[in-house]
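Input: a single structure, listed below in structure tokens.
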There are 2 protein chains.
Amino acid sequence: MKTMESPTPPILTVDAVLLTLADGTLHAALFKRDAPPFQDQWALPGGYVRVDEDDSAKAAAARVLWQKTGLASPYLEEFGTVSGPARDPRGWSLSVVYYALVPAPLLPPSVALFPVAALPNLPFDHAAIIAGVVARVRSKASYSSLPVYLCPDEFTISELHAVYQAVLDDTLNMANFRRKLEDLEILEEIPGATRASGRNRPAQLYRVARRFKHTLSVRERGL
Amino acid sequence: MKTMESPTPPILTVDAVLLTLADGTLHAALFKRDAPPFQDQWALPGGYVRVDEDDSAKAAAARVLWQKTGLASPYLEEFGTVSGPARDPRGWSLSVVYYALVPAPLLPPSVALFPVAALPNLPFDHAAIIAGVVARVRSKASYSSLPVYLCPDEFTISELHAVYQAVLDDTLNMANFRRKLEDLEILEEIPGATRASGRNRPAQLYRVARRFKHTLSVRERGL
DNA sequence: GGAATAGTGTCTCTAAGACAATATGGA
DNA sequence: TCCATATTGTCTTAGAGACACTATTCC
């Protein structure tokens, strides 16, 4: 029996925008593609969803990141989808885009980082994807605890302050910043732990409260 | 030449949560499935992405809505994706979920509406999807112009006020509500047009400014 | 003229932001 | 001691919300 010719199915992939902070500005991690199309060009880490391995699209993105960086469970959020007949030369494709925020020290030195303001030419629609993710992250940073996921396990308020300023590309009043953090109730003091940075008073170290690990705290808004 | 056996590809579908206002509360449009699985059960409108017809996943969702309701270009936004091996008995599937807001009068009477607080049993993960969308819409309504897309072309401030209250399930002070709308700058008076509703002063009619048709206006926020 | 809803004016209070003062440990 | 940064205190002001008032039309 001859089956009816069916059109080739859509390609289903995931892409991840891995953001970190280096030299005081946001950087994205890019990788050289090891297969066509666009072999050897810098591009976002991504790959096919594997029906036999991945329990969800998010799990596929986590797997890709783990394979490329060794990171086990970064902060990972869905950004949205991009799709259409023309974005991938292999055919009609849909990619679910995720973004991850990680502290730079956790990345292996082999990972190539590029300032988001000075990216190389990118294949597919990766440039637009990164622009969208950066805009989203900046927007969320202004009213949530997002940037704490760019900090290592322990950090001082001053360090976090610098991280916020780097992400938002703006200056923030220190006193008000501290109040904001108290409102979010996401941090907890590490008892007795301080960090000195010269001939001055050492700063209290903080960590993200366990119940907020890899979750987001958002300021209340109302109509 | 014998090709290597490849695993069955993932299923790629779109689902749409069509919301409208009826009897003063949010309702979702559901349709009886006309094919297995779950034939004849109420479910969200949805379907396969058709590589040969659809220019994007969003276009696929628009097509599905058009086929089921005749609506040509409702307010339509991506909600996110759901995916996994178990959510669809046909196999590993990913569905891109969209939500649409439409004025009830534009829907053909054949469309079945259910209050979002009293839905029938739904197949797949459709109940969770609707719950997520409703939460998103409520959240956005509190700081944006989202609910205007539930209003017909012309409406009074009082009517829009009622719509906001229905969506948010809360009461809003009228004077402050008017100020908020002015801040959003999304509405424009229809010169000379008013609507009477009894033996009282008629209300000014408004419309969504053309530049905001099917776009969102959001209050500014800052850190 | 009065009933009823449309639309405006104003007060209070919270909280965001600016600014200034104080605290503290190391050099 | 004194320097530099950490941390806290306070003042001003914009805006959210509550409330009360005025406006206008139809009956």
Side-chain angles (χ1 to χ4, degrees), chain A residues 24 139-145 147 151 154-166 168-207 217-223, chain B residues 24 139-145 147 151 154-166 168-207 217-223:
Chain A
S139 163
K140 281 206 166 187
S142 69
Y143 61 91
S144 78
S145 61
C151 283
E154 306 186 345
F155 50 88
T156 68
I157 300 289
S158 293
E159 288 162 357
L160 182 57
H161 181 235
V163 168
Y164 266 83
Q165 293 192 146
L168 294 173
D169 195 19
D170 199 1
T171 61
L172 296 173
N173 179 280
M174 189 52 148
N176 302 332
F177 180 73
R178 294 184 107 96
R179 254 200 304 273
K180 189 74 44 188
L181 287 178
E182 276 180 20
D183 292 350
L184 288 176
E185 289 182 322
I186 191 184
L187 300 185
E188 61 186 21
E189 278 190 21
I190 305 176
T194 58
R195 172 178 300 163
S197 68
R199 61 172 185 177
N200 51 10
R201 175 177 174 180
Q204 175 66 45
L205 283 173
Y206 289 82
R207 70 164 81 97
S217 181
V218 178
R219 273 196 307 161
E220 286 302 320
R221 294 160 295 184
L223 181 71
Chain B
S139 163
K140 282 206 166 189
S142 69
Y143 61 90
S144 79
S145 61
C151 284
E154 305 186 346
F155 50 87
T156 68
I157 301 290
S158 293
E159 288 162 358
L160 182 58
H161 181 236
V163 168
Y164 265 83
Q165 293 192 146
L168 293 172
D169 196 18
D170 199 359
T171 62
L172 297 174
N173 179 279
M174 189 50 145
N176 302 332
F177 180 71
R178 295 184 106 96
R179 254 200 305 274
K180 189 72 46 189
L181 286 177
E182 278 181 19
D183 292 350
L184 289 176
E185 290 182 321
I186 192 183
L187 300 185
E188 61 185 21
E189 278 189 21
I190 305 176
T194 58
R195 173 178 298 162
S197 68
R199 62 171 184 177
N200 51 12
R201 174 176 174 179
Q204 174 65 46
L205 283 173
Y206 289 82
R207 70 165 81 96
S217 182
V218 179
R219 274 195 305 160
E220 285 304 317
R221 296 161 293 184
L223 181 71

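Letters A, B, ... are given to chains in the order of the sequence lines, protein chains preceding strands, and every chain is numbered from 1.
In this structure B:Ala175 satisfies the side chain to side chain contact (heavy atoms under 4.5 Å, CB included) test together with B:Asn173, sequence neighbours excluded. Under the rule for a side chain to side chain donor-acceptor pair (under 3.5 Å), the partners of A:Gln165 that lie at least two apart in sequence or sit in another chain are A:His161. Considering only residues two or more places apart in sequence or on other chains, A:Arg178 meets the side chain to side chain contact (heavy atoms under 4.5 Å, CB included) condition with A:Ile157, A:Met174.
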Heavy atoms under 4.0 Å is the rule here; annotate nucleotides 4-10 of chain D 5' to 3' with B where the base is hit, S where only the sugar-phosphate is, and - elsewhere.
BSBBBBB
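Minimum heavy-atom separation, B:Pro147 to B:Val163: O-CG1, 3.7 Å. The two atoms that bring A:Val218 and A:Ser144 nearest to each other are CG2-CB, 4.0 Å, heavy atoms only.
The interatomic distance linking A:Lys180 (NZ) with C:dA15 (C1') rounds to 8 Å, in whole Å. For the pair B:His161 NE2 and C:dG7 P, the interatomic distance rounds to 13 Å; values are reported in whole Å. Following rounding to the nearest Å, A:Leu172 (CG) and C:dG17 (C1') show an atom-to-atom distance of 11 Å. Residue B:Leu181 contributes atom CG, which lies 12 Å from atom P of C:dG7 at whole-angstrom precision.
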Residues 199-206 of chain A side chain polar contacts: donor-acceptor under 3.5 Å, at least two apart:
from: A:Gln204; atom 1: NE2; to: A:Ile190; atom 2: O; distance (Å): 2.8
from: A:Gln204; atom 1: NE2; to: A:Ala193; atom 2: O; distance (Å): 3.2

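The stretch residues 186-196 of chain A participates, sequence neighbours left out, in these salt bridge (charged side-chain N to carboxylate O under 4.0 Å, His left out) pairs: A:Glu159-A:Arg195, A:Glu188-A:Arg207.
Residues from residues 188-196 of chain B that place a heavy atom under 4.0 Å from any atom of DNA chain D: there are none.
Between the B:Ser217 side chain and the B:Ile186 main chain, no donor and acceptor come within less than 3.5 Å of each other.
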